[in-house]
Amino acid sequence: MVGAIKIDNVTKTFINKQKETITALKDINLDIPANSFISLIGPSGCGKSTLLRQIAGLIAPTSGSIKLDGVTISSPGPERGFMFQEHNLFPWLTIYDNIAFGLRARGIFKEQKSRIDEYMELVGLRGFEKYYPHQLSGGMCQRASLARALVGHPSVLLLDEPLGALDAFTRMNIQDEILRIREEKNMTMIMVTHDVDEAIYLSDKIVVMTPRPGMITSVVDVELPRPRDRSDADFLKYHGEILKQLKFGGFKKEPEYSI
Amino acid sequence: MKIIKTQWPLISAAFTAAVALLVPDSSEYSAPGTSYFLLFTALMAITYELFLLFGKGQVRTKTAYRSAFWGTVILAMNIFNVITTKYVLLPPLYFPSPEKIFSVLISDSLFLGNCLLYTLRIQLLGWLFGCVFGILTGIALGFSSGFKYWVQPLVRILGPIPPTAWIPIVLVVFPSIIMASSFLIALAVWFPTTVLTANGIANIKNSYFEVGATLGASKACSILKIGIPAAMPFMFIGIFNGTCSSFITLVTAEMLGAKYGIGWYINWQKEMMSYANVYAGLIVMSLVCYLVITALFKIRDRILVWQAGVIKW
């Protein structure tokens with residue numbers, strides 16, 4: 001089993017324009033077992049995206065270390081797929097060439113050509129090979145970007161609010177697709193999200209974070225059978241629980257007396 | 001009504017021919033016949049008709065759309081003809097009749113063609129060098145901070161000097177006039193191409209490079225497969241600007257020191273006081289510039305087909 005991530009005492013500080021030191025993340029410790037689905041949730045400024053980008057290797061922690069299967073992460077690599085909030089498809093390439101980009105960059109296009117068709121099929125984009133990104137809807141572009149991140153067979157898929165800009169129905173559709181792909185392909189998925197329902201629907205564990213400085217408040221194990229039902233009573237209980245953790249709920253006191 | 005509109009060039013041409021043949025020439029005007037003028041008028045009308053009759057789909061629609069334009073161009077030639085031959089309202093030395101200009105275009109066509117080839121050779125050589133070095137310099141400026149540190153100030157200082165200002169030095173430094181002219185062309189193309197390429201790279205969304213890195217692209221691969229295509233629209237603007245300023249540079253350079261070429265031809269004929277030849281040279285030059293720019297547009301549309309929905313020109 002590959003795709004286990006160990007985050008060890010990670011602290012990240014920035015220096016802002018006023019020359020003040022801002023602590024984005026403070027003493028983060030997290031063990032993410034292989035093949036699990038983890039959501040990072042919290043208000044903006046809690047450093048969840050910063051943490052995800054550090055796992056991707058796009059930025060380095062100020063202190064502490066992040067290891068993938070025992071190896072310290074120091075730069076981006078194809079074993080960690082990344083899906084951005086915007087689809088970020090290259091506008092000058094067709095959908096097919098966008099998905100093929102990683103394979104070509106690594107020089108394994110010839111051997112792995114069949115994978116592109118497989119993933120185009122998987123995300124439901126068959127027949128759109130020759131289209132350019134601007135000719136497709138936002139949802140389709142995000143699917144293409146998912147296929148692009150997956151086609152190199154990463155052991156970890158990092159998702160930085162990838163569905164945030166989509167309408168509710170498209171979002172639910174793609175959530176199901178992500179779950180289906182996870183079942184089929186076995187990989188660790190770590191997702192940053194603002195959407196509590198999305199986190200409960202997808203995750204094995206939800207990491208709740210608070211800002212200034214970014215810290216982990218709690219880790220909630222979601223013990224619901226799959227496929228999950230968004231209107232199920234237990235689902236809603238988790239919803240309330242997470243909101244309470246985020247200080248957005250649980251204000252209503254029990255009545256002091258009742259008749 | 002519609003037939004009048006689409007046949008406007010033909011009607012104009014018939015009217016123009018009638019005026020040219022029936023209205024007597026002014027006594028001050030001395031030149032043989034009207035044959036070349038009529039020939040060119042007829043050629044324009046016939047070309048238009050051929051496109052209209054035998055053009056397919058788009059070509060035909062576009063030709064019909066341009067009917068008013070071509071009809072009016074022919075009428076303008078008619079007015080020019082009336083002014084210069086029928087009434088001689090302008091000094092004939094500087095404003096020769098279209099008849100004279102057209103006859104020069106034909107009688108001097110071989111020499112004009114040679115001059116043109118000579119010019120195009122220099123233009124092409126310099127242009128290619130300018131584009132290649134411009135793109136390379138731009139890419140290096142965009143991606144290497146070390147290169148930028150040393151070369152950026154140089155580009156800023158040398159770039160804005162009009163290439164023609166270098167003529168006194170260039171003529172001394174280079175052994176042949178061809179090389180000197182090519183160098184000036186290259187310089188004219190190089191500067192805008194460099195600046196806009198670097199600018200284009202600086203404007204690329206950083207997330208494109210992040211995508212590349214997470215997909216396993218090396219630095220070289222990022223530059224080639226992300227940096228260059230993403231900066232391509234800007235590069236083209238740079239090349240366009242460079243091409244236009246290279247025309248100016250070339251003609252000025254030829255007027256100053258060359259022994260051959262279309263710019264030299266115009267200057268030489270001016271000194272000979274034969275303005276019909278000057279106009280003929282100008283016509284040839286404008287046709288060539290028009291063709292070059294059109295070709296560039298076509299190439300751009302082919303390469304940047306993906307831009308259709310992204311950037312408006």
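These numbers come from the heavy atoms of this one structure, side chains and all, not from hydrogens, waters or symmetry mates. Lettering of chains follows the sequences in order, A, B, ..., and the numbering in each one begins at 1. Owing to the predicted nature of the structure, the values given are computational and were not obtained by experimental measurement.
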* Asked: Considering all heavy atoms of both residues, which atom of B/Ala230 and which atom of A/Trp92 are nearest to each other, and what is their separation?
  -> CB-CZ3, 3.4 Å
* Considering residues, nucleotides and ligands other than B/Tyr208, do more than 12 of their heavy atoms fall under 6.0 Å from its OH? -> yes
* Structure fact -> Scanning both residues in full, the closest heavy-atom pair of B/Gly216 with A/Pro78 reads CA-CD, 3.9 Å
* Asked: Is it the side chain or the backbone of B/Ile303 that comes within 4.5 Å of chain A heavy atoms, both, or neither?
  -> neither
* Should we count CZ of A/Arg126 as having more than 12 external heavy atoms under 6.0 Å? -> yes
* Structure fact -> Between B/Val211 and the options A/Phe90, A/Phe82, A/Phe101, the side-chain contact (heavy atoms from CB on, under 4.5 Å) test singles out A/Phe90
* Go through the atoms of A/Arg148 and report whether side chain, backbone, both or neither lie under 4.5 Å from a heavy atom of chain B. => both
* Which portion of A/Leu89 sits near chain B, non-hydrogen atoms under 4.5 angstrom -> backbone
* Crowded around A/Glu183 CD? As in, over 12 foreign heavy atoms under 6.0 Å? -> no
* Structure fact -> Nearest heavy-atom contact between B/Cys221 and A/Ala105 is SG-CB, 3.7 Å
* To do: Supply the atom-to-atom distance A/Arg53 CZ to B/Glu210 CD, rounded to the nearest 0.5 angstrom.
  => 4.0 Å
* Asked: Distance from B/Leu215 atom CG to A/Arg80 atom CZ, nearest 0.5 Å?
  -> 12.0 Å
* Crowding at NZ, B/Lys5 (>12 non-hydrogen neighbours, <6.0 Å) -> no
* To do: Verify the neighbour count for atom CZ of B/Phe174: are there more than 12 heavy atoms of other residues, nucleotides or ligands below 6.0 Å?
  => yes
* Evaluate whether atom NZ of A/Lys185 has more than 12 neighbouring non-hydrogen atoms of other residues, nucleotides or ligands under 6.0 angstrom away. => yes
* Near A/Tyr96 OH, under 6.0 Å, is it more than 12 heavy atoms from other residues, nucleotides or ligands? -> yes
* To do: Please look at A/Gln135 and chain B and tell me whether the side chain, the backbone, both or neither of the residue comes under 4.5 angstrom of a heavy atom of that chain.
  => neither
